[in-house]
Amino acid sequence: MTEFLQQLVNGVTLGLGYALIALGYTMVYGILRLINFAHGDVYMLGAFFGFYAARLTGAAVEPNPLKAAGILLISMVGCGLVGFLIERFAYKPVRKSSRLAALITAIGVSLLLENGGLLLFGADPKFFPQIVRATNIPLGMGVTISNQQIIILVVSVALMLALRFIVLNTRAGKAMRAVSYSHTAAALMGISVDRIITFTFVLGSMLAAAAGVLVALQNPKIEPYMGIMPGLKAFVAAVLGGIGNIPGAVLGGLVMGIAEVMVVGYLSPTWRDAIAFVLLILILLVRPSGLLGQPPAEKV
Amino acid sequence: MLTVDSLDVYYGAVHALKGVSLRAEAGEVVTLIGANGAGKTTLLRSISGLVPSRLGKVAFEGKDITRMPPHDIVGLGISQSPEGRMVFANLSVVDNLELGAYRRKDRAGIREDYDAVYRLFPRLLERRRQTAGTLSGGEQQMLAMGRALMSRPRLLLLDEPSLGLAPLLVREIFRTILEINRRGVTVLLVEQNAHMALSIAGRGYVLETGTVKLEDQASRLLQNEDVKKAYLGG
């Protein structure tokens, strides 16, 4: 029982990371029907931006919460800018072309970011500094949680609540929902569809950046290819929850994280990555629209 | 108020509009009738900036809007209730209306317009918390029109408001169109129900395979032998 609960705690923390990345996939899909395959690489950039920001602020030598928050913020702003640039210069020019063109562009951007990262940051893994000193806190029944896990938990949930507020209650969020329903109808309301698409990319990229920094707290080894596997898994998480569905992405991420940790703990670590794709195949067989996704509605 | 001057629009290789000219003066109800595929919807879509034109010009209150993006055209005072209604099915009636007022900042004015829309369509008030996708076809049409009014347009483009509605409801919709016009909104109405459309409009245009075949007072078009034969069932 103790082991199971401990795995659950670890799975939830891992899953929240996936969920943050999955949100970006699902939002962009909801608005453009595009799988932004470069999204995992934005997550990688988030970790690197955090890494350099940590060096700059000297947070590695004398960590304090303010610096850590600053690092998170710098990384999010940096990736928001990257998201803006990707959308403006890679996806916007092919907006009117076929969906296949957009998909190939996405793969191209992904390769560009990975190899650009290789060029800029070097191929050797870097170690994300301990911007928060680790301590373990017992939860009772032999289960412990690290303060880093608590930070991941609190920050992820706060960001998700902020996103929820933006989508449900702000003018831009309502416009996002309108655009995701129909670009034509949204344009007829006077909504600048282009601006909302940009906004969505920036928002998604900022969440990926946060995931990059938060995950690096626990797994400090960062390198330019680190975004590929988490990116794919987060994509699966988004599909699992129902792509285009925001709560679905969170649920999918959590299921993915917990499943992965359980498989590693009870079966074998070699299955760590396979489980993601087993889940993908299962959901596509059983419920292709995802756990929370609506099957495409009939037009009345 | 609105002048369309020899507009040419292509859909891929299809020449959808061939030198179409049309005008609407302030306060008018102008109708555009014609068969399926004549180019009526294309014309409304290009006025709203949704489809680019190859040649020709669209001007609104003297301002050239031919190349203007659709969201800015709404800002100028042209709004459209599109073909197929396109209500946001996943949002509530209130949210749909709110999106109609997306460009506006005048809260007091927006509140007045909610009331005005609910007075025009009391059914929407009853159903204001309901998801738009669960409304009946007639209610969705009311919502599409109400939503278009929320931007406080001076020119309202209506694309097939009577499509698929029961005869009684069709009468109600057309009565409402007249009421909207009486409040000072110029209306450009695209319809397949030519008889109804011509009986409420001041002037009418007959569109045939992308060109204007006839243009006259609506009352005269109603008497025109060709129009009778082609669009009014004998």
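Below, read A as the first sequence line, B as the second, and so on, with proteins coming before strands; counting in each chain starts at 1. Nothing here was measured: the structure is a model prediction, and the numbers come from that model.
- Looking only at side-chain heavy atoms (C-beta outward), B:R154 and B:T186 stay at 4.5 Å or farther from each other.
- With chain B as the partner, the residue from A:T184, A:V193, A:D194, A:L188 showing the most heavy-atom pairs under 4.5 Å is A:L188.
- Around the CZ atom of A:R99, the shell of radius 6.0 Å holds no more than 12 heavy atoms that belong to other residues, nucleotides or ligands.
- When the candidates B:S48, B:A89, B:S151 are compared by the number of heavy-atom contacts under 4.5 Å with chain A, B:A89 comes out ahead.
- Heavy atoms closer than 4.5 Å to chain A are found nowhere in B:D72, neither backbone nor side chain.
- Judged purely by distance below 3.5 Å, without hydrogens or angles, the side chains of B:T31 and B:E191 never pair a donor atom with an acceptor atom.
- With 3.5 Å as the limit, one finds a donor-acceptor pair spanning the side chains of A:E260 and A:Y18.
- Using a 3.5 Å distance cut-off with no hydrogens or angles, the side chains of A:N36 and A:Y29 do not pair a donor with an acceptor.
- Both the backbone and the side chain of B:L99 come within contact range of chain A, with heavy atoms under 4.5 Å apart.
- Interface check for chain B: of the options A:S180, A:A185, A:S192, A:A187, the most heavy-atom pairs under 4.5 Å are formed by A:S192.
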